[in-house]
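As structure tokens, the structure follows; a few thoughts come after it.
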Protein chains: 2
Amino acid sequence: MQVLRAMKSTSVSLEKDKSESPEGNQAGKREQTKLANRAAILEAGRQIFAELGYEGTTVRDIIRRTELASGTFYNYFKSKEEVFHALHDDGLARFKPLLRAARESAGQDFQGFMITAFGAYFNFLLNDQSVDREMAAMPDWTRVRFDTPESLALFDELKSDIVAFATEFNLDQVDPELLTASCIGIAQEIGDRLLRGRVKDIEAAARFAAYFVLGGSQRVQSEMQA
Amino acid sequence: MQVLRAMKSTSVSLEKDKSESPEGNQAGKREQTKLANRAAILEAGRQIFAELGYEGTTVRDIIRRTELASGTFYNYFKSKEEVFHALHDDGLARFKPLLRAARESAGQDFQGFMITAFGAYFNFLLNDQSVDREMAAMPDWTRVRFDTPESLALFDELKSDIVAFATEFNLDQVDPELLTASCIGIAQEIGDRLLRGRVKDIEAAARFAAYFVLGGSQRVQSEMQA
DNA sequence: ATACGATGTTGACGCGTTGTCAGGATTTCG
DNA sequence: CGAAATCCTGACAACGCGTCAACATCGTAT
């Protein structure tokens with residue numbers, strides 16, 4: 001049963017909705033159910049992943065929380081991995097503007113950019129309804145990490161931001177690849193501890209990370225010049 | 001068929017090896033086969049994980065590369081995850097002494113410790129026959145990370161080393177939890193790029209990481225005092 | 001309005017994996 | 001040597017996977 005029908009189950013036999021149907025049915029019914037089905041699968045996936053962990057969930061678990069038949073799943077995704085990627089990329093798409101905003105509000109202030117960017121990331125981790133957040137709370141020891149094209153794109157964007165500041169501040173001896181990697185590593189690892197409650201203060205963590213990166217870069221610069 | 005017998009297949013029907021058997025059979029035959037079976041499963045697991053990735057391998061894949069029957073697997077491990085944990089912990093056990101050596105050869109030289117420690121880690125990653133190394137080379141974009149008790153123990157050891165240096169150098173404003181997390185994150189992320197060939201020079205990477213951490217810590221200290 | 005082609009859904013099927021267990025083989029010990 | 005303990009073996013039931021022929025629904029041309 002397609003989810004669109006299920007959602008309309010209150011107005012069951014009203015086949016004829018006048019063309020002036022209240023909510024926009026701008027697209028054909030086909031398109032609508034397709035979107036609704038996809039959304040239903042994604043939402044079910046988000047819940048199940050949070051409950052059972054990535055390893056523990058099966059395609060059947062996901063589809064079972066839906067009103068769809070098992071075969072229908074494969075019209076939308078090839079595997080649970082693809083569902084996870086989609087959820088992950090959704091999160092990234094929500095985060096991306098935050099990073100851009102940090103970049104633009106910072107102007108030439110490297111330190112300001114770093115504080116805002118780390119802060120945005122940590123806040124996002126703790127507040128956004130993302131897969132990763134729920135799963136990090138799991139008692140499990142196993143974590144999965146995905147490098148989707150979207151992730152890599154974000155990393156590259158961050159890298160070019162960093163490079164811009166690095167040239168601005170004459171950090172020509174600092175390998176951008178290593179610097180970006182370090183920023184990501186710090187964000188990952190501190191973010192992880194925030195999610196698990198080993199670190200509490202988001203503000204303090206963001207400032208720590210920012211100062212750390214700033215000081216680290218400058219030290220590398222001066223050591224490499226020598 | 002137990003692997004011990006298979007290994008002795010050249011001297012098949014020699015049931016009675018005199019008590020003066022050349023290689024030490026100090027323990028009973030039972031113990032020997034148990035160790036040999038376990039080792040065979042672990043070695044098979046290492047190979048298969050490297051070939052098929054963590055997700056892709058099944059318990060059957062592992063046991064099939066062995067002369068054991070499928071049921072026997074479960075006398076030694078509960079799941080493929082447990083095999084992976086064991087392999088992971090093996091690697092850790094090999095790395096631990098390297099970290100200790102770095103600690104002891106460094107004396108009071110914080111920077112020396114950091115360079116040696118990062119260098120040891122990166123060299124270990126690239127040269128040791130560990131599961132992680134093989135799997136990082138995989139075309140896949142899914143990575144798993146395990147926090148076994150052993151891992152956590154190593155992190156704690158590293159943390160206490162870091163704390164020792166931090167007090168020595170009056171870094172009393174630097175949160176040890178955040179500092180340790182940053183070191184681990186940097187090591188992870190740079191290590192990953194080394195494994196994938198995006199970064200080539202191990203020496204340079206180790207010095208970068210060390211200077212970065214040193215400079216970062218001092219900057220955090222001075223900023224937090226203000 | 002009706003009929004027909006296009007598109008999406010359904011659930012059962014064959015295949016492979018999982019973890020278990022009764023039966024059998026091997027080692028240990030009295 | 002023989003009994004008891006140990007543990008290896010391979011078949012088994014349950015289950016997940018991805019596919020596919022049959023079916024239902026939608027878009028569209030008449």
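Each chain gets a letter, A, B and so on, in the order its sequence line appears, and its residues count up from 1. Fair warning: this is a prediction, and the values are worked out from it, not measured in the lab.
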Are [X] and [Y] close enough for a salt bridge, meaning some N to O gap below 4.0 Å?
| X | Y | value |
| --- | --- | --- |
| B/Arg64 | B/Asp61 | yes |
| B/Asp90 | B/Arg46 | no |
| B/Arg143 | B/Glu189 | no |
| A/Glu177 | B/Arg196 | no |

Worksheet item: Looking at A/Ile63 and A/Phe73, what are the two nearest heavy atoms and their distance?
Response: CD1-CB, 3.7 Å
For [X] and [N], what is the distance between atoms [atom1] and [atom2] respectively, to the nearest whole Å?
| X | N | atom1 | atom2 | result |
| --- | --- | --- | --- | --- |
| A/Lys29 | D/dC26 | NZ | P | 4 Å |
| A/Arg38 | C/dG8 | CZ | C1' | 16 Å |
| B/Glu81 | C/dG19 | CD | P | 11 Å |
| A/Lys34 | D/dT25 | NZ | P | 18 Å |
| B/Glu31 | C/dC29 | CD | C1' | 15 Å |
| B/Asn75 | D/dA5 | CG | C1' | 14 Å |
| A/Ile48 | D/dG16 | CD1 | P | 12 Å |
| A/Asp61 | D/dC15 | CG | P | 12 Å |

Worksheet entry | 5' precedence on DNA chain D between A/Gly71 and B/Tyr76 (nearest-nucleotide basis) | B/Tyr76
Worksheet item: Ignoring hydrogens and angles, are the base of D/dG18 and the side chain of A/Arg60 linked by a donor-acceptor pair under 3.5 Å?
Response: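 Per atom types, the contact qualifies.
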Worksheet entry | Under-3.5 Å donor-acceptor pair between B/Arg30 side chain and C/dT28 base |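 Looking at the base of C/dT28, it does not pair with any donor or acceptor on the side chain of B/Arg30 (distance under 3.5 Å).
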Discussion item. Let's see if you can work this out: which of C/dT17, D/dG16, C/dT9 has an atom nearest to the side-chain heavy atoms of B/Thr58?
Written reply: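 Minimum distance to the B/Thr58 side chain belongs to C/dT17.
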Worksheet entry | B/Ser70 side chain, from C-beta outward: closest of D/dC17, D/dG10, C/dG11 |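 In terms of side-chain proximity for B/Ser70, the closest of D/dC17, D/dG10, C/dG11 is D/dG10.
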Item to complete: Check whether any side-chain N or O of B/Arg64 sits under 4.0 Å from OP1 or OP2 of C/dT17, and answer yes or no.
Response: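 The answer is yes; a side-chain N or O of B/Arg64 sits under 4.0 Å from OP1 or OP2.
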Worksheet item: OP1 or OP2 of D/dC8 less than 4.0 angstrom from a side-chain nitrogen or oxygen of B/Tyr74, does that happen here?
Response: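 The answer is no; no side-chain N or O of B/Tyr74 sits under 4.0 Å from OP1 or OP2.
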